[in-house]
2 protein chains.
Amino acid sequence: MNRTIVDNQQDRLQEKLQKILGTSGRVSGGCPTRNILDRFSDKWSILSIFHLGNAGTLRFNELKKRIDGVSQRMLTVTLRNLERDGLVSRRVYPEIPPRVEYELTELGYSLLVQVIDLGEWATDHSDQIMNARQRYDMREHSPMLVN
Amino acid sequence: MNRTIVDNQQDRLQEKLQKILGTSGRVSGGCPTRNILDRFSDKWSILSIFHLGNAGTLRFNELKKRIDGVSQRMLTVTLRNLERDGLVSRRVYPEIPPRVEYELTELGYSLLVQVIDLGEWATDHSDQIMNARQRYDMREHSPMLVN
DNA sequence: CAGCATCCGCTAGGATACTG
DNA sequence: CAGTATCCTAGCGGATGCTG
């Protein structure tokens, strides 16, 4: 194994981590990184971005049909938050019955590229993770985690 | 703008999205992608991975000091889940006082690479997002979102 | 030091009913 | 069709106290 190449990759990672975590090496509560990341730790944001990225433009109920299990309420809340953050555009057509079309903005697309890689990683490694979970659960562990 | 290059990039994205979302174009509840992604939608997992990736090896309280605001309980729960998924290794030294060291596994590092890019994106675009939020909040919106 | 155990508030998020 | 409005609950996650 070529140590130099590995070390270079390591250095690149460290560099990026410094940038993310800040010079203090801590990510405080008011920190922008934390703030943004928290936005995507809800149940439906990432999924919405995937589907909008895949379909291009979708009406409300079209999107709802594609995201299995999402309630009307939560899809509305999710889309409003994404719109607020400038990641999704919402176009209302004043017709009867009403038509509303959602689409990723340019900023939304730039995020899509990142989360796609994360999604791909999840797909590629899901077997490994499931196996690890099974192996872990085989052994005894403290009661706290049984629940 | 070169349409061909753009189109090629588009095709790559579409390809990956198909892979993630599955042939049906839907991500059902039992889907592995959903399952994995849900694991990182908690408050502290990503942050723990960042800090472990940055420091290499950390004891429990060292890590706790670096993650601002995390409670002892939640750090324990988070680390156990990461250990269960095979992303973090936990080594206990039978000393008094006890010493426990946490470190990313190889699998954990492969994930780190992905989330670093996401973190970098968040850092780079936080201003844009904050501005979008302010602009959105300036205008009137439905009462539902005022809360 | 590195944790469990317990209590407990808050809120994300589901179910349902109603509307422009 | 695309939402609101309201009600309600599971469980995330904080505070505190105790242990090997």
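Taking atom CE of residue Met74(B) and atom C1' of nucleotide dG13(D), one finds them 5 Å apart after rounding to whole Å. dG3(C) atom C1' lies 16 Å from atom CD of Glu95(B), rounded to whole Å. Rounded to whole Å, the distance from CG on Leu47(B) to P on dG13(D) is 12 Å. Distance CZ (Arg73(B)) to P (dG11(D)): 13 Å, rounded to an integer number of Å. Distance Leu75(A) CG to dC1(D) C1': 13 Å, rounded to the nearest Å. For the pair Leu58(A) CG and dC1(D) P, the interatomic distance rounds to 15 Å; values are reported in whole Å. Here the P atom of nucleotide dG11(D) and the CG atom of Asp38(B) are 14 Å apart, to the nearest Å. In this structure, CZ of Arg91(A) is placed 14 Å from P of dA2(D), rounded to the nearest angstrom.
A distance-only check finds a donor-acceptor pair linking the side chain of Glu62(A) to the backbone of Arg59(A) [under 3.5 Å]. Using modelled atom types, no side-chain atom of Asn61(A) and backbone atom of Lys64(A) make a donor-acceptor pair closer than 3.5 Å.
Across all strands, Tyr102(A) comes closer than 4.0 Å only to sugar-phosphate atoms, never to a base (heavy-atom distances).
The side chain of Phe60(B) lies closest to dA2(C) when the candidates are dA2(C), dC1(C), dG3(D). Among the nucleotides dG13(D), dA2(C), dT4(D), the one closest to the side chain of Asp42(B) is dG13(D).
Side-chain N/O atoms of Arg59(A) include one lying less than 4.0 angstrom from OP1 or OP2 on dA2(D). OP1 or OP2 of dG3(D) lies within a sub-4.0 Å distance of a side-chain N or O belonging to Arg90(A). At the phosphate of dG14(D), OP1 or OP2 sits under 4.0 Å from a side-chain N or O atom of Lys43(B).
Of the residues near DNA chain C, Pro98(A) and Trp44(A), the one whose nearest nucleotide (by heavy atom distance) lies more toward the 5' end is Trp44(A).
You'll find the side chain of Ser48(B) reaches within 4.5 Å of the side chain of Leu82(B), heavy atoms only.
For Glu106(A), the CD atom sits in a loose shell: 12 or fewer heavy atoms of surrounding residues, nucleotides or ligands are nearer than 6.0 Å.
Side-chain atoms of Gln72(B) and base atoms of dC4(C) include a donor and an acceptor less than 3.5 Å apart.
Annotation: the span from Ser110(A) atom OG to His125(B) atom NE2 amounts to 4.0 Å, rounded to 0.5 Å.
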